[in-house]
Amino acid sequence: MARPRTRRSVAIIALALSLAGVVSVPAPASAAFSQPLSISPAGYDSYDQQQTYDRQGDALFVWVRESHTYPHPRYVEFKSRSYNGRWGTTTTLSPAGQAPHSPQVAVDDDGDAIVAWRAYNGVDNSIYARRIAKSGTLGPLITVSAGGVQAHGTNVAIDSDGDAVVTWAEWHDDGRVLPMMRRYSSSGSLSPAVVLASTPADAETPAVAYDREGDAVLAWANDNVVQARTLSADGTISELKTVSAPLSPIDRHFTAKVTVDRDGDALVTWRHWSDQGQSTSVWGRWVARDGTVGNVRRLTPALHTDVVNHSVAGDLDGDMLLTWDLFSTGHLYSVAISPAQTVGQPVLLSTWGRLHSVRVDDDGDGIVVWQGKGLNNSVGSVEARRVTRSGTFGTTEVIVGIGVDPTVAVTPTGRAAVAWERRFQVDLQIQVSVDPYFVTTQGIRS
């Protein structure tokens, strides 16, 4: 599926660090983040934050707000921030009587957004969604999943014109767990729900990503296989593909992710647990726009046998960065993967990095954010390293000395917004730090 590219291929220039082939790299100049700002309302606990940017650099932050008072009602809330730093008002998305969890947000090119979340409504766990216009106007509340079953987890993706896909895992009384999807058009219409696979019947929530033409790739771990399907802009769904290798039937797969370039070629990644080796590693397989399945390979080094989490991001040309951490040491690593499917040498980013995320802009400049050990006996810290399109990492920046569960988004030109949770006596608040800089081929400048 790889095609000739006119722009640079990723290269990492480095010195050997260990027998595992890990390298360290020279650092570009660094730029400071803004001072932390609490964006959630005082007097509540707020958590499960997510954020995203549109192509103009306007940001949208969502989270769950929970009351301290019994019965502890919860709501999904959001707040916008314009490209020039102007904050909007805090607005509630979810209705009373729900107990929402884990909202997910996606935004189209023009700044119109969709937020999806799971909530218990007193009878079922269901998936809900709501649109937010760039102006802040709310669309109607939509129930995405069917009643009478239990829906868990949700993902959402949106194309450049505002057509969206919502996914979830549907639990049935007979023990089946099925991967589900539903299209939600920019006009507000809902297509019928689709069962993406019925065998095996122990699926996780599908990951989904769009290319610039409105075609999407969906992938999910399903017990001892990883499966995928493509979705064209006209709504056509491809035949079911198995993307994991035919390994031991008692091996297991977890947390599939999808990264798509501008043309619709995708890398599907997942964590693979080997019964024989009693080890966990990250594997990947390429899926072409036409649904052709390419090579499958292990993406993390053979000596890294206890991978806990992984994150992956790619630019429009298909250059990608993969990050992972190890359970035994807490070490955080990254590796570059080229459009030609060449996997570079691993880079040690931090000797302690949990709950990490990597994001890159259109041209491959980006940032890795993680939770560090914390300073002055705090629970955790929020730390980051920038990376240029050439694969060169900057030095570690401590964004804040007290904070946990960081999330990050970047603009098409590389500006970053990092959010995290911080406990203030009674309140748990969402804090944000915004990067006023962007990365260029000459380094980092304002």
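If you read the sequence from its start, that first residue is 1, and numbering goes on from there.
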For a salt bridge (charged side-chain N to carboxylate O under 4.0 Å, His left out) check, start with the C-alpha distance between Arg389 and Asp365, then their side-chain angles and the critical distance, and finish with the verdict. CA-CA 5 Å; Arg389 66 179 62 182; Asp365 303 313; 3.7 Å; yes

Please determine whether salt bridge (charged side-chain N to carboxylate O under 4.0 Å, His left out) holds for the pair Arg183 and Asp159, giving the CA-CA distance in whole Å, both sets of side-chain angles, and the decisive distance to 0.1 Å. CA-CA 11 Å; Arg183 299 176 72 213; Asp159 70 10; over 6 Å; no

Could you check Glu213 against Arg262 for salt bridge (charged side-chain N to carboxylate O under 4.0 Å, His left out), going step by step and ending with a plain yes or no? CA-CA 7 Å; Glu213 301 300 322; Arg262 62 157 56 89; over 6 Å; no

Intermediate values then yes/no, side-chain contact (heavy atoms from CB on, under 4.5 Å), Val194 and Ile237: CA-CA 10 Å; Val194 175; Ile237 303 175; 3.8 Å; yes

Test side-chain contact (heavy atoms from CB on, under 4.5 Å) on Trp270 and Val243 and set out the steps. CA-CA 10 Å; Trp270 64 92; Val243 298; 4.1 Å; yes

I would like to know whether Val432 and Val418 meet side-chain contact (heavy atoms from CB on, under 4.5 Å); could you show each step before the answer? CA-CA 6 Å; Val432 170; Val418 181; over 6 Å; no

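A donor-acceptor pair shorter than 3.5 Å cannot be found between the side chains of Glu77 and Thr90. Residues Glu204 and Asn222 bring no donor and acceptor atom of their side chains to less than 3.5 Å of each other. A donor and an acceptor atom, one from each side chain of His331 and Trp352, are nowhere located under 3.5 Å apart. Inspection of the Gln51 and Thr407 side chains reveals an N or O donor paired with an N or O acceptor under 3.5 Å. Side-chain N/O atoms of His356 and Thr323 include a donor and acceptor closer than 3.5 Å. A side-chain donor-acceptor contact under 3.5 Å links Gln227 and Trp220. Inspection of the Glu66 and Tyr47 side chains reveals an N or O donor paired with an N or O acceptor under 3.5 Å. Checked by atom type, the side-chain pair Gln150/His152 shows no donor-acceptor distance below 3.5 Å. There is no side-chain donor-acceptor pair under 3.5 Å between His72 and Tyr70.
Listed by chain and number, the residues in a side-chain hydrogen bond (donor to acceptor under 3.5 Å, both in side chains) with Ser381 are Glu383 (sequence neighbours excluded). Asp54 meets the side-chain contact (heavy atoms from CB on, under 4.5 Å) test with Gln56, Asp58, Val107, Lys134; sequence neighbours excluded. Residues passing the side-chain contact (heavy atoms from CB on, under 4.5 Å) test with Asp173: none are found, sequence neighbours excluded. Under the side-chain hydrogen bond (donor to acceptor under 3.5 Å, both in side chains) criterion, Asp45 pairs with His68, Arg423, not counting sequence neighbours. Applying the side-chain contact (heavy atoms from CB on, under 4.5 Å) rule to Leu37 yields the partners Ile39, Trp87; only residues at least two apart in sequence or on another chain are considered. Every side-chain contact (heavy atoms from CB on, under 4.5 Å) that Ser232 has, sequence neighbours left out, goes to Asp215, Asp234, Thr236.
Remark: side-chain polar atoms of Ser145 are paired, donor with acceptor, to backbone N or O of Ile127 under 3.5 angstrom. Side chain of Ser238 to backbone of Thr230: a donor-acceptor contact under 3.5 angstrom is found. Without hydrogens or angle criteria, Arg130 side chain to Ile114 main chain gives no donor-acceptor distance under 3.5 Å. Counting only distance, with no hydrogens or angles, the side chain of Ser433 and the backbone of Ser34 share a donor-acceptor pair below 3.5 Å. Looking at Asp261, its side chain never comes within 3.5 Å of a backbone N or O of Gly318 through a donor-acceptor pair. No donor-acceptor pair under 3.5 Å is formed between the side chain of Asp263 and the backbone N or O of Asp265. Under a 3.5 Å cut-off, the side chain of Arg354 and the backbone N or O of Phe327 do form a donor-acceptor pair. A donor-acceptor contact shorter than 3.5 Å links the side chain of Asp163 to the backbone of Ser186. Proximity of a side-chain donor or acceptor of Asp435 to a complementary backbone N or O of Arg415 within less than 3.5 Å is not detected. No side-chain donor-acceptor contact under 3.5 Å links Arg182 to the backbone of Thr167.
Between Pro346 and Trp324, the closest side-chain pair of non-hydrogen atoms falls below 4.5 Å. Residues Asn155 and Val166 form no side-chain contact, since every pair of their non-hydrogen atoms from C-beta on lies 4.5 Å or further apart. Using a 4.5 Å cut-off on side-chain heavy atoms (C-beta onward), Trp370 and Leu355 make no contact. The shortest side-chain heavy-atom distance between His310 and Thr269 falls under the 4.5 Å cut-off. Put simply, the side chain of Arg65 does not reach to within 4.5 Å of the side chain of Ser40, judged on heavy atoms. The shortest distance between side-chain heavy atoms of Asp315 and Asp361 does not fall below 4.5 Å. Met181 places none of its side-chain heavy atoms less than 4.5 Å from the side chain of Trp168.
In this structure, Arg131 satisfies the cation-pi test against Tyr184, with its NZ or CZ atom closer than 6.0 Å to the six-membered ring centre and inside 45 degrees of the ring normal. For the pair Arg422 and Trp420, the NZ or CZ position fails the cation-pi test of under 6.0 Å to the six-membered ring centre and within 45 degrees of the ring normal.
At a threshold of 4.0 Å, the pair Arg55-Asp362 counts as salt-bridged, since one of the basic side-chain nitrogens sits closer than that to a carboxylate oxygen. For the pair Arg176 and Glu170, the salt-bridge criterion is not met [side-chain N within less than 4.0 Å of a carboxylate O].
Rounded to the nearest 0.5 Å, atoms OG (Ser102) and CD (Gln50) are 8.0 Å apart. Taking OH of Tyr75 as the reference point, atom OG of Ser67 lies at 9.0 Å (rounded to 0.5 Å). Atom CG of Leu196 and atom CG of Leu231 lie 9.0 Å apart (nearest 0.5 Å). Considering OG1 of Thr329 and CG of Asp306, their distance stands at 6.5 Å, rounded to 0.5 Å. How far CZ of Arg285 is from CG of Leu299: 12.5 Å, rounded to the nearest 0.5 Å.
Each of Thr205, Thr154, Asn125 was evaluated against Arg118; a single residue qualifies, Asn125, per the side chain to side chain donor-acceptor pair (under 3.5 Å) test.
Within a 6.0 Å sphere centred on CH2 of Trp273, heavy atoms belonging to other residues, nucleotides or ligands number more than 12. The number of heavy-atom neighbours closer than 6.0 Å to CZ of Phe424, taken from other residues, nucleotides and ligands shown, is above 12. The environment of CZ in Phe254 is crowded: more than 12 heavy-atom neighbours from other residues, nucleotides or ligands sit within 6.0 Å.
Between His304 and Tyr333, the two ring planes are tilted [angle within 30° to 60°].
The aromatic ring centres of Trp117 and His101 sit 6.0 Å or more apart.
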